[in-house]
Amino acid sequence: MSTILVLLGPPGAGKGTQAVVLAKKFGWTHVSTGDMLREAVAKKTDLGMEAKKYMDRGDLVPDSIVTNIVVDRIMRDSSSKGFILDGYPRTETQALSLEAALSRSGMLINVVIYFETTPEISISRLSGRRVCKKCGANYHIKNIPPKKDGICDKCGGELFQREDDKESTVRNRLKVYEDQTEKLLSYYEKKGILRTVSGDLDVESAFRDLRNLFKKESVI
Ligand code: AMP
């Protein structure tokens with residue numbers, strides 16, 4: 001049966017960076033709702049055009065839109081040995097829909113990992129983040145700088161700042177997190193599947209802590 005991991009935490013806590021590392025290391029499928037929505041926006045699909053209105057403000061896209069794309073993705077790849085859900089669920093409605101969809105296929109969430117950090121660190125991570133236009137790789141102007149300014153190490157693509165990583169939008173994203181997503185911590189805590197890691201560490205140290213956690217939880 002597929003392993004299902006949920007990464008929870010405020011924007012800028014390092015979920016996306018770790019999800020990429022974990023997917024590569026353990027062969028799990030990375031399911032990032034943010035990436036899937038940005039892809040739909042870039043392709044100018046109907047769903048993308050609808051989602052863009054919310055994303056530009058840093059608000060959440062309606063639950064039904066997001067749940068459909070996540071469930072489709074999992075079902076399409078149901079033979080994968082594992083899924084890392086990065087940025088989903090973000091509301092209680094999404095958490096309930098996910099559980100219902102998984103249980104219809106005899107699947108369960110193994111562990112929910114909370115990346116704990118402060119708003120100051122989130123803001124500094126997000127406002128310094130740069131993304132490759134071509135391959136989507138993430139950098140940070142101070143913490144993970146590219147070898148050549150403004151150019152992706154991996155593919156030579158141009159780096160840019162996401163519209164929603166500008167400071168005023170970042171503040172709204174943090175508020176939306178506090179208002180709508182934070183309550184999922186107690187929801188999963190009550191189910192006994194919430195584990196906490198520090199979201200303040202560098203990429204290697206955070207990965208080391210996650211690997212130790214997975215060993216303890218018999219996920220690897
Ligand atoms: P992220 O890259 O995860 O920070 O997501 C970027 C934006 O996509 C968010 O600010 C939301 O507008 C939208 N989004 C991503 N995941 C979700 C979700 N699970 N529910 C609602 N909106 C989402």
Side-chain angles (χ1 to χ4, degrees), residues 4-20 22-23 29-74 83-102 109 112-115 117 119 121-133 135-140 160-185 187-188 199:
I4 312 268
L5 303 170
V6 171
L7 309 190
L8 204 62
K15 304 182 301 293
T17 303
Q18 288 302 320
V20 170
L22 296 173
T29 304
H30 178 196
V31 181
S32 159
T33 40
D35 285 350
M36 291 191 285
L37 291 168
R38 279 185 289 279
E39 206 180 300
V41 172
K43 285 188 182 148
K44 296 194 164 67
T45 63
D46 289 346
L47 186 151
M49 299 320 287
E50 176 65 14
K52 187 175 186 313
K53 293 189 271 183
Y54 300 90
M55 295 169 79
D56 283 348
R57 294 194 298 262
D59 287 337
L60 295 184
V61 172
D63 288 331
S64 56
I65 296 185
V66 189
T67 293
N68 282 341
I69 60 174
V70 172
V71 172
D72 272 6
R73 180 79 186 81
I74 296 177
F83 293 91
I84 311 167
L85 304 189
D86 160 20
Y88 183 94
R90 263 166 148 112
T91 65
E92 271 181 6
T93 308
Q94 291 180 13
L96 293 171
S97 306
L98 174 66
E99 250 164 57
L102 291 176
I109 298 173
V112 177
I113 303 149
Y114 169 40
F115 285 62
T117 189
I121 292 187
S122 288
I123 291 170
S124 127
R125 287 236 182 94
L126 294 177
S127 52
R129 173 160 66 184
R130 298 293 180 269
V131 184
C132 175
K133 262 189 185 157
C135 75
N138 277 253
Y139 295 86
H140 186 279
F160 77 107
Q161 182 175 40
R162 263 169 56 176
E163 199 51 44
D164 63 346
D165 279 347
K166 306 221 161 120
E167 190 159 337
S168 58
T169 316
V170 164
R171 287 192 190 279
N172 187 43
R173 287 165 68 197
L174 286 173
K175 186 171 178 310
V176 167
Y177 170 79
E178 280 162 20
D179 291 348
Q180 304 194 51
T181 309
E182 216 163 42
K183 56 182 83 136
L184 291 182
L185 296 176
Y187 178 82
Y188 287 123

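Counting begins at 1 with the first residue of the sequence. Start at 1 and go down the list; that is how both ligands and their atoms are numbered. Below, all heavy atoms of this structure are taken into account, side chains as well, without hydrogens, waters or symmetry copies.
Side-chain atoms of His140 come within 3.5 Å of backbone atoms of Ser124 as a donor-acceptor pair (strictly under, hydrogens ignored). Using a distance-only test at 3.5 Å, with no hydrogens or angles considered, a donor-acceptor pair links the side chain of Ser97 to the main chain of Thr93.
Atoms of ligand 1 found under 4.0 Å from any heavy atom of Arg173 (numbered from 1 in listed order, with element): 4 (O). Against a heavy-atom cut-off of under 4.0 Å, Val66 is close to the following atoms of ligand 1: 18 (C), 19 (N), 20 (N), 21 (C). Counting the atoms of ligand 1 from 1 in the order shown, those under 4.0 Å from a heavy atom of Asp59 are 11 (C), 12 (O).
Looking from atom 16 (N) of ligand 1 to the surrounding protein, the closest heavy atom is Thr33 OG1, 2.7 Å. If you check which protein heavy atom lies closest to atom 2 (O) of ligand 1, you get Arg38 NH1, 2.9 Å. In this structure, the protein non-hydrogen atom closest to atom 3 (O) of ligand 1 is Arg90 NH1, 3.1 Å. For atom 20 (N) of ligand 1, the closest heavy atom belonging to the protein is Gln94 NE2, 2.9 Å. Of all protein heavy atoms, the one closest to atom 22 (N) of ligand 1 is Val61 N, 3.0 Å. For atom 8 (O) of ligand 1, the closest heavy atom belonging to the protein is Met55 CE, 3.6 Å. In this structure, the protein non-hydrogen atom closest to atom 13 (C) of ligand 1 is Leu37 CD1, 3.6 Å. Atom 19 (N) of ligand 1 has Gly87 O, 2.9 Å as its closest protein atom, hydrogens excluded (heavy atom only).
For Arg162, the closest heavy-atom approach to ligand 1 falls below 4.0 Å.
Taken to the nearest 0.5 Å, the CE atom of Met36 stands 6.0 Å off from the OG1 atom of Thr33.
Partner of Lys15 under the side chain to side chain contact (heavy atoms under 4.5 Å, CB included) criterion, chosen from Val20, Leu7, Leu8: Leu7.
Scanning both residues, Tyr188 and Glu99, for their nearest heavy atoms gives CE2-OE2, 4.4 Å. Between Thr117 and Ala13, the shortest heavy-atom distance links the atoms CG2-CB, 3.7 Å.
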For this session: Could you give me the CA-CA distance, side-chain angles and deciding distance for Leu96 and Tyr187, then say whether side chain to side chain contact (heavy atoms under 4.5 Å, CB included) is met?
Result: CA-CA 10 Å; Leu96 293 171; Tyr187 178 82; 3.4 Å; yes

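Cation-pi check for Arg90 over Tyr88 is not met; the charged atom does not lie both under 6.0 angstrom from the ring centroid and within 45 degrees of its normal.
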